[in-house]
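Computed from a predicted model, the values in this text were never measured in an experiment.
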Amino acid sequence: MTSTDAVVRLQRPEDLGALSDICVRTGHLGGDARELYRDHDLLPDLFLRPYVALEPDLVRVAEEDGRVLGYIVGTADSTAFFRAFRERWLPTVADRHPAPVGPPSTPDEEMRDLLHHAERMLVPEFSALHPAHLHIDLLPEGQGRGLGRRLMEAYLAALRERGVPGVHLGMDPRNERARAFYERMGFTRLRSPAGAGVIHLGLTLDAGT
């Protein structure tokens, strides 16, 4: 089923609360992560809000009848993004999410550790051919209706306008539904030195299309 009333548009400042809620409600293999993390600001402060702050022109939102159902965020240059993350974003949230003392032992500590070392998500081998990356999330009621494709197409069009040669994403291979979606969009498996439990998919972009 498709949605004719839903729109895909640029984000607005007043969207941030709804986007943050979606980030948490889809933060565990595409499902609700509120029971997994005690601090519900952790996932948005790592995977959503830095993109809204640092790359606002690339944020796209799916909305229907005044309700936000999903979003896509990302960057055209992952190397520059993670540098800005450390220099400009981390200082604004570090006090709220202190780095764990010793090895992380809980899901919250794992995310706090990643927040303080977000550059671990950077794969330098992708910088030439797939420098962009993205995160896309849709509430269950927004799925299976073509909204994910519309969000992705809007984001990819913005990258093409900037002349970006390619885009990648990291994902948990257990999220089979998400992987099927990415593959339908043309993403293929990339060879990367990713850590256990993470795979990368990539898409080459043709700036002329």
Salt bridge (Lys or Arg N to Asp or Glu O under 4.0 Å) involving [X] - partner list, sequence neighbours excluded:
X: R162; result: E55
X: E125; result: none
X: R96; result: D45

Name of the residue among Y182, F187, F126 meeting ring pair (Phe, Tyr, Trp, His ring centres under 6.0 Å) with H200
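That would be F126; it is the only one of Y182, F187, F126 passing the ring pair (Phe, Tyr, Trp, His ring centres under 6.0 Å) with H200.
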side-chain contact (heavy atoms from CB on, under 4.5 Å) between L201 and H168, intermediate numbers included
CA-CA 6 Å; L201 306 178; H168 72 275; over 6 Å; no
Using the salt bridge (charged side-chain N to carboxylate O under 4.0 Å, His left out) rule, take R49 and D41 through it: C-alpha gap first, then chi angles, then the decisive distance, then the call.
CA-CA 10 Å; R49 293 171 186 152; D41 277 324; 3.0 Å; yes
Contact summary for [X] and [Y], nearest pair of heavy atoms:
X: P50; Y: P44; value: CD-O, 3.6 Å
X: L48; Y: C23; value: CB-SG, 4.2 Å
X: P103; Y: E109; value: O-OE1, 4.0 Å
X: H28; Y: D32; value: CB-O, 4.0 Å
X: V164; Y: A132; value: CG1-CB, 3.9 Å
X: M121; Y: F82; value: CB-CZ, 3.8 Å

Between [Y] and [X], is there a side-chain heavy-atom distance shorter than 4.5 Å?
X: R179; Y: R189; value: yes
X: Y155; Y: L159; value: yes
X: T204; Y: L129; value: no
X: D172; Y: V198; value: no
X: R86; Y: E119; value: yes
X: F47; Y: L114; value: yes
X: H135; Y: Y51; value: yes
X: E141; Y: L139; value: yes

What's the verdict on side-chain contact (heavy atoms from CB on, under 4.5 Å) for V167 and L134, showing C-alpha distance, side-chain angles and the deciding distance?
CA-CA 8 Å; V167 58; L134 65 89; 3.8 Å; yes
Could you tell me the separation between the [atom1] atom of [X] and the [atom2] atom of [Y], rounded to the nearest 0.5 Å?
X: E183; Y: T188; atom1: CD; atom2: OG1; value: 8.5 Å
X: L29; Y: R174; atom1: CG; atom2: CZ; value: 4.5 Å
X: F181; Y: R149; atom1: CZ; atom2: CZ; value: 7.0 Å
X: I22; Y: L69; atom1: CD1; atom2: CG; value: 6.5 Å
X: H116; Y: M111; atom1: NE2; atom2: CE; value: 12.5 Å
X: R191; Y: I199; atom1: CZ; atom2: CD1; value: 14.5 Å

Partner of I72 by side chain to side chain contact (heavy atoms under 4.5 Å, CB included), out of V61, L138, I136, L156
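Looking at V61, L138, I136, L156, the match for I72 under the side chain to side chain contact (heavy atoms under 4.5 Å, CB included) is I136.
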Do [X] side-chain atoms and [Y] backbone N/O form a donor-acceptor pair below 3.5 Å?
X: H130; Y: G202; value: no
X: D113; Y: P104; value: no
X: R112; Y: P98; value: yes
X: R38; Y: R34; value: no
X: H97; Y: L46; value: no
X: R150; Y: A6; value: yes

N-O pairing of E63 and R67 below 4.0 Å
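No, E63 and R67 are not salt-bridged.
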Would you say CD of E35 has more than 12 non-hydrogen atoms from neighbouring residues, nucleotides or ligands within 6.0 angstrom?
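Open: at most 12 neighbouring heavy atoms sit under 6.0 Å from CD of E35.
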Treat each ILVMFWY residue as a node, draw an edge where side-chain heavy atoms are under 4.5 Å apart, and state whether L169 and L58 are in one component.
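Result: yes, single cluster for both.
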Do the side chains of V24 and L36 join up, straight or via other hydrophobic residues, at under 4.5 Å, putting them in one cluster?
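They do not share one cluster, since no chain of ILVMFWY contacts under 4.5 Å joins V24 to L36.
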Measure from the ring center of H133 to the ring center of F81 and say whether it is less than 6.0 Å.
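When the ring centroids of H133 and F81 are compared, they turn out to be within the sub-6.0 Å range.
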Taking it one step at a time, do L90 and L115 satisfy side-chain contact (heavy atoms from CB on, under 4.5 Å)?
CA-CA 8 Å; L90 183 59; L115 178 75; 4.0 Å; yes
Can you check side-chain contact (heavy atoms from CB on, under 4.5 Å) on M185 and L203, steps first, answer last?
CA-CA 9 Å; M185 294 298 305; L203 178 69; 5.8 Å; no
